[in-house]
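Being a predicted model, the structure only gives us computed values, none of them experimental. Below, read A as the first sequence line, B as the second, and so on, with proteins coming before strands; counting in each chain starts at 1.
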Protein chains: 2
Amino acid sequence: MRLSDGVEWGVHVCVVLATLPDDAALAAAKLAEYHGVPAAYLAKHLQVLAGAGVLRTVKGARGGYRLARPPADITVLDVVEAIDGEESAFRCSEIRRRGPLAMPAREYTKPCGIHRAFSRADEVWRAELAKTTIADLLIGLLHDVPRTALEKGARWLQESAR
Amino acid sequence: MRLSDGVEWGVHVCVVLATLPDDAALAAAKLAEYHGVPAAYLAKHLQVLAGAGVLRTVKGARGGYRLARPPADITVLDVVEAIDGEESAFRCSEIRRRGPLAMPAREYTKPCGIHRAFSRADEVWRAELAKTTIADLLIGLLHDVPRTALEKGARWLQESAR
DNA sequence: CTTTCTCGGATAGCTAGTATCCGTGTTATG
DNA sequence: CATAACACGGATACTAGCTATCCGAGAAAG
């Protein structure tokens, strides 16, 4: 089981976009350059994020992407569900309905215990991801990254966003 | 992100094996027939489970598989980690080290906030799966499945285990 | 000792995620 | 108004990891 790379990129992108002024937007190519990832592939994920209402797209010249909501209103879970989907990692194939214990279909009224156990695990996983917002990540970054690096990044963004 | 089918099969297999007498074993082919899954493929997962110490293999004629420990000492997480591996679904590719914010490698002393958020989520996911044991699932099954089906299953197992 | 039955590893096939390209339409700028 | 810059969207290869299968080595039973 492995989470798509796009998820990681998506969260990083949101954190970067959170540092922009409210009216500014950043082109997909610039975001790719900033993170050192393939531009064409990142663009695909950005479109998905825009479709999910996490990002907002600014069309035309000097356009690009920006956050659709304040950073504090976007959770890591929002990004995960936009890119990776909302369905649980575990998929019950109802194998209990096969073999000698099989019963008429109407008997299977509630999911089996195994299914329920994985559903609970998936629930707490998502709940934990929903606790962290983009704003939280940004605050953490300000603590962890040295001042010199922050200023370097700020300059780069100012030039790129124009 | 999707969990391997083998995980589901593995848990079901453990529940079935938990109903066997202590000295009995069940052949891989019989387990496959019971669950209606491809025998050769299930065998692969059974071998992995045996290697991980969840199942115990009985070689030779009239051999097969049985649980390596009491059902109450085997958690769903044990099966998941045996088949799917112990590593988190999220893999940090350290993209923060690329791009204009990049710093000397020695500066990166602790994982980034995004990495930490996903690690926490992975932790609670595993903790939740560790709460449910094979014994719990078996008890749940006895409540959910009608008596007639249980007896049918018991007869089939008695004939197959010999 | 032979037969029967099992595990075990080695080997193909397939699905889903990875990665890229280019044509179309929209917006700001000169 | 004309032009250039930019995002959207679909169509298209490539890759990895899960799915599926086979047959040989080896152990217990008779």
Quick one: hydrophobic cluster around B/Val124, which other residues, with the 4.5 Å side-chain cut-off, linked directly or via members? A/Val124

Just by modelled atom types, is the A/Glu81 backbone N or O under 3.5 Å from a matching donor or acceptor in the A/Asp84 side chain? no

Please classify the nucleic acid contact of B/Ala28 as base, sugar-phosphate, or nothing, using heavy-atom distances under 4.0 Å. sugar-phosphate

Hydrophobic cluster identity match, B/Leu67 and B/Ile139, side-chain contacts under 4.5 Å: no

Nearest-Å distance, CG (B/Leu26) to P (C/dC5)? 15 Å

Figure out the CG/C1' separation between A/Asp23 and C/dT27, and round it to whole Å. 16 Å

Would you check if there is a donor-acceptor pair between the side chains of A/Thr75 and A/Asp78 at a distance under 3.5 Å? yes

Between atom CD in B/Glu8 and atom P in D/dT19, what is the gap in whole Å? 11 Å

Spacing between B/Leu55 atom CG and C/dG8 atom P, to the nearest angstrom: 11 Å

Kindly work out whether a path of hydrophobic side-chain contacts (I/L/V/M/F/W/Y, heavy atoms less than 4.5 Å apart) joins A/Met1 to B/Val48. no

For the pair made of CG in A/Leu17 and P in D/dA7, what is the distance, rounded to whole Å? 12 Å

Tell me the closest heavy-atom pair linking A/Ile134 and A/Ala18, and the distance in Å. CG2-CB, 4.0 Å

Check this one for me: any side-chain N or O of B/Arg62 less than 4.0 Å away from OP1 or OP2 of C/dT6? no

Given DNA chain C, 5'-ward residue of the pair A/Val37 and B/Gln47, judged by closest heavy atom: B/Gln47

Ignoring hydrogens and angles, tell me if any N or O in the side chain of B/Asp73 forms a donor-acceptor pair with the backbone of B/Pro70 under 3.5 Å. no

Nearest whole Å is fine: how far is D/dA20 C1' from B/Leu46 CG? 14 Å

Rounded to whole Å, CG of B/Leu49 lies from C1' of C/dG8 at a distance of 15 Å

Using whole Å, what does the distance between atom P of nucleotide C/dG8 and atom CG of B/Leu42 come to? 13 Å

Could I get a table of every N or O pair under 3.5 Å where one atom is in the protein and the other is in nucleotides 16-19 of chain C?
from: C/dT18; atom 1: OP1; to: A/Asp5; atom 2: N; distance (Å): 3.1
from: C/dT18; atom 1: OP2; to: A/Ser4; atom 2: OG; distance (Å): 2.7
from: C/dT18; atom 1: OP2; to: A/Tyr41; atom 2: OH; distance (Å): 3.0
from: C/dT18; atom 1: O5'; to: A/Tyr41; atom 2: OH; distance (Å): 3.2

